[in-house]
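Have a look at the structure below, then the notes.
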There are 2 protein chains.
Amino acid sequence: MQPKQILKEHVAKIATLTEEEFENFFNRFELRSFKKGQTIIAAGDRVDREYFVLSGCLKSFYINDDLKMFILQFAMPTWWTSDFNALYTGAKATISVDCITDAEVLSLSNENREALCKEIHQAEHFFRWRTNKGYVASQKRLLSMMNNDVKHRYEELMAQYPELYQIVPKQLIAAYLGVSRETLSRLHH
Amino acid sequence: MQPKQILKEHVAKIATLTEEEFENFFNRFELRSFKKGQTIIAAGDRVDREYFVLSGCLKSFYINDDLKMFILQFAMPTWWTSDFNALYTGAKATISVDCITDAEVLSLSNENREALCKEIHQAEHFFRWRTNKGYVASQKRLLSMMNNDVKHRYEELMAQYPELYQIVPKQLIAAYLGVSRETLSRLHH
DNA sequence: AGTGATTTGTGATGTAGATCACATTTTCAT
DNA sequence: ATGAAAATGTGATCTACATCACAAATCACT
């Protein structure tokens, strides 16, 4: 499927744009391809774009002072990713984003997003609901983190994204669950 | 300060409404007062309102099968709270909200929020940015949960909301940090 | 296909925080 | 003011998970 079509169907789930409006909407994006392992945002960068995933799998992650990695999100097709704090506030990135597999994305600048939201009421509507959903998902994950043990969280993740098991090295799954790779490995006993 | 004025100043930080627009905006809210200990949303309820805190302190929380409580948010003045998942999806509440102190809130129905967003482009803008901020804060908390030990998280919370120490029983602070009250009590050694 | 790098599994040991039990203090309603 | 209920402190013990160490397996590049 074409990038344009993928985005169109995604947006249509939330907002109603006319043909011309969607034309304008789509034209604000840039198509980009990345290879497995490539970095899209590195900690310390100025961030002025967010990314809509067309194909492949990205990860957004934080690395602490002990060089331990924590994964915020595996970004699969039709997911949005960036360092949203840096993007919204102008602060330097503390979250990095890179490619777990080869990937195609549509990138949208902060400026273009705000222009769209201003020009097209339904675009603002779309971005409001996109974030509403992200917010609810993030709160659910926080609760699961506090409430459930590793095994439970692992099964939850695999139930939701079975495809991850194939694509993503286990140590990254551990970094998402907030657990050591050794403990994850021992889970199957 | 008057409820109207509090809301006006809060909204003005994000969106620009004309006098008439704000008049319409404000009139969609209902002023309500609650006593300490009163329940605003109980798990299992249908949720059709969100709440803007004018005074006092609310908590939103989840209770698991073992009757252990986890606090998602202490809602202080100018904070918004609800079970947003239930509110947005129509599902029954899994999150409850009640009053830690006597409190005054402005309550807004789902219906009225959507009507406002439709009628007033800047209202949609406002709610988009409100959630953007919530989303970023939630992700930060998730990372802190994965990365930092209890002591660190406790100091972080106290640095951000020193007033909580006076107002909120320690066991509730423990329930926010995701730690037992005993461990929190031993932190000061 | 072969070789170095990355990923995974697994044992031994350490530790932050949970749980249980009970005493003490504080709060609140009458 | 007074008694009941709620909140807090603290010792003893338990446990899920971390960390370290190393071996085995898998991946990726020329």
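A, B, ... follow the sequence lines: proteins, then strands. Residue 1 opens every chain.
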Specify the residue among K151(A) and E182(A) whose closest nucleotide of DNA chain D lies further upstream toward the 5′ end.
K151(A)
Among dT10(D), dA28(D), dA21(D), which is the nearest nucleotide to the side chain of R181(A)?
dA21(D)
From the list dG11(D), dT8(D), dA12(C), which nucleotide is the closest neighbour of the side chain of R186(A)?
dA12(C)
Can you tell me the distance, in whole Å, between the OH atom of Y154(A) and the P atom of dC17(D)?
15 Å
Can you check the L187(B) CG to dT10(D) P distance for me, whole Å?
13 Å
Whole angstrom value for the distance that separates C1' of dT8(D) from CG of L184(B):
10 Å
Atom CD of Q171(B) to atom P of dA5(D): distance rounded to whole Å?
16 Å
Of the nucleotides dT8(C), dA18(C), dT19(D), which has the atom closest to the S180(B) side chain?
dA18(C)
Quick check for you: among dG11(C), dG9(D), dT8(C), whose closest atom lies nearest to any side-chain atom of P169(A)?
dT8(C)
Hey, is CD on E119(B) packed in by over 12 heavy atoms from elsewhere, all under 6.0 Å?
yes
Compare the minimum distances between each of dA18(C), dG9(C), dC20(C) and the side chain of V179(B), then state the nucleotide with the smallest one.
dA18(C)
Please check if the distance between the ring centroids of F29(B) and F25(B) is under 6.0 Å.
yes
I need the CG-C1' distance between L177(B) and dA18(C), as an integer number of Å.
15 Å
Whole Å only: how far is the NE2 atom of H188(A) from the P atom of dT8(C)?
10 Å
Would you say R28(A)'s side chain and N112(A)'s backbone share a donor-acceptor pair under 3.5 angstrom?
no
Between W79(A) and Y51(A), is the gap from one ring center to the other below 6.0 Å?
no
With a 4.0 Å cutoff (strictly under), does any side-chain N or O of T183(A) reach OP1 or OP2 of dA18(D)?
yes
Applying a 4.0 Å non-hydrogen cut-off, can you work out what K68(A) is touching in the nucleic acid: base, sugar-phosphate, or nothing?
sugar-phosphate
Grab the CG-P distance between N147(B) and dA18(D) for me, whole Å please.
13 Å
Find the distance N148(A):CG to dC17(D):P and express it as a whole number of Å.
11 Å
One thing to verify: whether E124(B) and R113(B) come together as a salt bridge, which I'm taking to mean a side-chain N less than 4.0 angstrom from a carboxylate O.
no
